[in-house]
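Okay, structure first, notes after.
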There are 2 protein chains.
Amino acid sequence: MSRNVNRPFSPSVEDYVKVIYKLQQSGESVSTNAVSRRMKTTPAAASKMFKVLADMKLIEHTPYYGAKLTLPGEKVALEVIRHHRLLELYLHQALGYGWDEVDAEAEKLEHHISEEFEDRIDQMLDYPKLDPHGDPIPTREGTIEPLRGTSLVDSEAGETVTVLRVQDDDPSALRFLAKMGVRLNGQIRVVDKQPFNGPLTLQIAESEHTLGRELAGQIFVESYSEQEIAVGGETWK
Amino acid sequence: MSRNVNRPFSPSVEDYVKVIYKLQQSGESVSTNAVSRRMKTTPAAASKMFKVLADMKLIEHTPYYGAKLTLPGEKVALEVIRHHRLLELYLHQALGYGWDEVDAEAEKLEHHISEEFEDRIDQMLDYPKLDPHGDPIPTREGTIEPLRGTSLVDSEAGETVTVLRVQDDDPSALRFLAKMGVRLNGQIRVVDKQPFNGPLTLQIAESEHTLGRELAGQIFVESYSEQEIAVGGETWK
DNA sequence: AGTATTTTTTGAACTTGGTTAAATTATAAC
DNA sequence: GTTATAATTTAACCAAGTTCAAAAAATACT
């Protein structure tokens, strides 16, 4: 196993690359605007950083159009994301952190752990494949499984689905959903779906709840029949 | 417990304060030179930083003479040291890090863990009092027990002593001592002590070893009879 | 005491990552 | 197709933390 033993990139560079990676999953080319919004800086800062990243060959940047990661850039992003998701799972499993707490702590630590630390918690967790929100953990080698599930908003009334993944960025949303009974690998029956972008009525465990389109969009599911065995992230506080 | 919930100091400031704390344990006033040597920067950088720290009221600095921590400065230092030593012990106990490996990893993480993390590993470790090298772990409240033991070089031939503490800065020295059988809370019999700053002959477990004054100076012991129960850091890889 | 040496501080300059305001380019609207 | 608007980049500047070289102060030497 060789792999970049010394990560020569600053936390800031790592963060930009990570954000670009996530943004380019949805749309093709990534704009300075989109990046700066996510990073809570100004577009000017992102624009400058794009130049730095382009010099480092981590992105290809066509001025006024946007950027996309190079192969090395993608490797860097996946290494950071690997750290993040391993840390999330570790904090959850080993230290009892809640669903909603892991993201913030992992965010701070992801740039500062050694490969040694990464390997040890990976081993401790028995080489997990998913983080506590159902996101795939990249491999050491820099590969990653595709995101699983389709959005709950696309399910039809009457369907019963299994929760595979939940958007992890907003702690209060996570707490809200958890309180409602939403669990990874748990079942949800779509009782009703109001038209005109109205809320969904869901049956979770024994009780019924209504949920707005926005939050429902953050839950990714598969039809109940086609389940597989989940490998990680299946325990809860 | 209130305690400074947001640590508003940069990693750099925290590091300087920590180094000053350690240096002022031996000599009274701490010089920019001594600090810069430890931090592997230039005296100019330390001199600049002394001014910053003085403005922050973390140190009192008399130009051309030296500096010492204020009470708030000491609190900051002890908080950082608490993080460091808790992390060392956690890495050792929970993740199987070796004696010699914990310092470097803790060094990187100490500035980036939350109070939440600190509390959780503290609890996980059952509120330990000593780190894996026998150094006392400061309390949340910013107090610390005095360093235990007297240097092995001051022991006389014929004495049998218990190892209470070992200097932690040099990993290769730690590996060397570990290979020789030096263990926290282990016994050492001083068989002989050559004059003219010559080496000591030690009996550790069944075998005899010779050890130079320099390394012997890094081992802190107490006379075998006056032992107490050690509360933390007593297990080994 | 007076000079030489060492230590400490200061000043100018650089790097990284940020801001605000102005200029530039793309996109949308009529 | 010109014009208005929105997005992007550039320019000038700030702050933290560093370096190197020079100046200033303390210490040591004889």
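Order of the sequence lines sets the chain letters (A, B, ...), proteins ahead of strands, with each chain counted from 1.
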| task | Could you list where the contact with chain A starts and ends along DNA chain D, reading 5' to 3', using a 4.0 Å heavy-atom cut-off? | result | D:dA7 to D:dC13
| field | side-chain contact (heavy atoms from CB on, under 4.5 Å) against A:K193, all qualifying residues, sequence neighbours excluded | value | A:E156, A:L200, A:R213
| query | Can you list the residues that meet the ring-ring contact (aromatic ring centres under 6.0 Å, His included) rule with A:Y90, with sequence neighbours excluded? | reply | none
| task | State which residues pass side-chain contact (heavy atoms from CB on, under 4.5 Å) with A:A104; sequence neighbours excluded, sorted by chain then number. | result | none
Table please: side-chain donor-acceptor pairs of residues 58-65 of chain B below 3.5 Å, with sequence neighbours left out.
none

| message | Check this one for me: any side-chain N or O of B:H61 less than 4.0 Å away from OP1 or OP2 of C:dT9? | response | yes
| request: Take atom CG of B:N33 and atom P of C:dT9, then tell me their distance rounded to the nearest Å. | output: 10 Å
| request: State which residues pass side-chain contact (heavy atoms from CB on, under 4.5 Å) with B:T139; sequence neighbours excluded, sorted by chain then number. | output: B:E141, B:T143
| said: Does the protein touch nucleotides 10-19 of chain C at the base, only the backbone, or not at all? Give it as B, S and - per nucleotide, heavy atoms under 4.0 Å. | reply: BBB----SBB
| request: For A:K75, enumerate each residue passing the side-chain contact (heavy atoms from CB on, under 4.5 Å) test, keeping only those at least two apart in sequence or located in another chain. | output: none
For residues 30-41 of chain A, run the donor-acceptor check on the side chains, cut-off 3.5 Å, and write out each pair with its distance to 0.1 Å, sequence neighbours left out.
from  : atom 1 : to    : atom 2 : distance (Å)
A:S31 : OG     : A:A34 : N      : 3.0
A:S36 : OG     : A:T32 : O      : 3.2
A:S36 : OG     : A:N33 : O      : 2.9

| query | A:E101 side chain to A:G98 main-chain N or O, any donor-acceptor pair under 3.5 Å? | reply | yes
